[in-house]
Each structure stands twice: as structure tokens, then as C-alpha cells.
Amino acid sequence: MEKHSCLILVPLFNHMDEHDLEKIYSLTKQRTYKKGEQIFKPYDQQQLTIVAKGRMKVYQLSGSGREQLLRVVETGEYEGESALFGVKNDSLFAEALQETVVCTLAHHDFQKLLLTYPQISLRLLETNAEKLSSAQHQAQFLVMEAIETRLAVYLLELAKENDRLTFELPMKMKELAGFLGTTPETLSRKFKLLSDKALIRRERQKITLLDPEELEDCYV
DNA sequence: TCATTAAATTTGT
DNA sequence: ACAAATTTAATGA
């Protein structure tokens, strides 16, 4: 593992020089989690959590105890920046999807950093704006009544992110179902529907969009 | 690597 | 939505 891998990976810090990174690094704690281990839970100490290697899922629990997946945090991404401004985490859980290395930065240390390095503040505003818009998008998802539409939108998004028509689902069907606000059973049937219409091809978790344009029309 | 078992997914009701 | 059937992944020899 690279000495400063967790910092280099993060847009928030990767523009800084060696000396500054060293300083920031001394404020972080690093830990490795095995698959399925819990990385944080509600009411943990407020901190920024950076994924240096592996992936983690961030979710909350609905009233009935069902797991609602919010996002999958990939290597180089992070979670919890709002906690750094003092927003309490009272509902979020995070769990490693595979062997995962995370670096954490405590709330109060981060505030000190912001004072020393104002550039970081600007970066933070940028990335935060991105998250906000994706959160709004997600909210839009849940308003759409047709699951098929949500799925279509989601698949198109993935294709866009990957710049390919063939890609792997980043999460299990069960989790995707929760993410889209449906059940695994329904999701399975919707996938079959899209396959039957020859809009997509699917083998395990590998998805190929055969007809992205037609898929767009589900948008309506 | 293969067999066994557990977990996840699909299909029928 | 539930349960049975099928498929895929995990585990241990």
C-alpha cells in the first residue's frame, strides 16, 4: 500500500504537495476491514471516511428494518463530509463490500485543516455540489412510479459513467432493488422484461445495453 | 480443483 | 408477498 494512498486518491487533497500531504496524513487513521464488517454506524464520532482500497456501501434502515442502500462508495471516493460541518449522523451505516482500506479524519482536525489550507474549502464546495445534484436525482427516482423507468434511467447512468455499453452492476440484485425502491422479485422480472424486449443483454452482473435510445424512451 | 453447503436470484402461486 | 426451485458463490478437503 502506498504511503499516502488514501490522500492521493481523493480529489480533495491530491493537488497538494508532499509536505502538506505528510502533515494531513499524520491526522488520519487507517484501518482495513474485511468483507461484511461495519465501517461506521449512526452516532459514531463524526468523521470523514475515505476509501483507499475496496468498496463500501452506505445505507440506512427503514422503519421495518429493511435496508435502504444509498450509494456505493468506490476506491478514491469518500463519505461523511457533511459531518465535518457538524451535521450529526443519526441514520447512516457503512459496511465493507470486500476487503477495504479506509482512512478517517476526525471532525475537529478537518476544521483545522480548512483554516490552514483554504484551497481545500473550494474543492469541498465543488464536490459537495456534485453530491447534491446526484441526491436530487435519486429523489426524483423515488417519485417515479414505474420501476421499469427507474431501472432504465439507472442503467443509462451506469453506461454513461463507464463510457461503455457493457458494464458490471456495482451491487447485488438485492441491494439494487433496495436502491431503486423495489423488491428483488420485481427487479428480477423487470430485468427479464427488458431482456425480452431486446433492449439489454444480461449475464450475471454483466449488462450490455443493446438499444440505449429505445431505453431512453422509458424515460417518459 | 472438486464436492458440499450456503446464499442469492428467479419463478410460480 | 411468500415459498419453492434454480443458479451462483463460498468453503473446506
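Within every chain, numbering begins at 1; the chains are lettered A, B, ... in the order of the sequence lines, protein sequences first and strands thereafter. Side-chain atoms are counted along with the backbone in the values below, which use heavy atoms only and exclude waters and symmetry mates. Note that this is a predicted model, so its numbers are computed, not measured.
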### Query
With sugar-phosphate meaning primed atoms plus P, OP1 and OP2, does A:Lys35 contact a base, only sugar-phosphate, or nothing at under 4.0 Å between heavy atoms?
sugar-phosphate
### Query
In Å and rounded to the nearest 0.5 Å, what is the CD1 to CZ distance from A:Ile39 to A:Arg31?
8.5 Å
### Task
Please round to the nearest 0.5 Å and tell me the distance separating atom NZ of A:Lys57 and atom CG of A:Leu70.
11.0 Å
### Task
For A:Thr183 and for A:Arg204, find the nucleotide of DNA chain C with the closest heavy atom, then tell me which residue's nucleotide is more 5'.
A:Thr183
### Task
Could you tell me which residues satisfy salt bridge (Lys or Arg N to Asp or Glu O under 4.0 Å) with A:Asp109, sequence neighbours excluded, listed by chain and number?
A:Lys112
### Task
Using the test salt bridge (Lys or Arg N to Asp or Glu O under 4.0 Å), find all partners of A:Glu161 that sit at least two apart in sequence or belong to another chain.
none
### Message
When you measure from the side chain of A:Gln111 to the backbone of A:His108, do you find a donor-acceptor pair of N or O atoms at a distance under 3.5 Å?
### Response
no
### Query
In chain order, what residues pass the ring-ring contact (aromatic ring centres under 6.0 Å, His included) check against A:Tyr33, with sequence neighbours excluded?
none
### Set of residues satisfying ring-ring contact (aromatic ring centres under 6.0 Å, His included) with respect to A:Tyr59, sequence neighbours excluded
A:Phe93
### Query
Between which nucleotides of DNA chain C, 5' to 3', does chain A make heavy-atom contacts below 4.0 Å?
C:dA1 to C:dA10
### Message
Under 3.5 Å, is there a donor on one side chain and an acceptor on the other for A:Asn89 and A:Tyr43?
### Response
no
Distances for protein N or O near nucleotides 6-13 of chain B N or O, under 3.5 Å:
unit_1, atom_1, unit_2, atom_2, d
B:dT9, OP1, A:Met173, N, 3.0
B:dT9, OP2, A:Lys174, N, 3.1
B:dT10, OP1, A:Arg202, NH1, 2.6
B:dT10, OP1, A:Arg202, NH2, 2.8
B:dT10, OP2, A:Ser188, OG, 3.2
B:dT10, O5', A:Ser188, OG, 3.1
B:dG12, N7, A:Arg189, NH2, 2.5
B:dG12, O6, A:Arg189, NH1, 3.4
B:dG12, O6, A:Arg189, NH2, 3.0

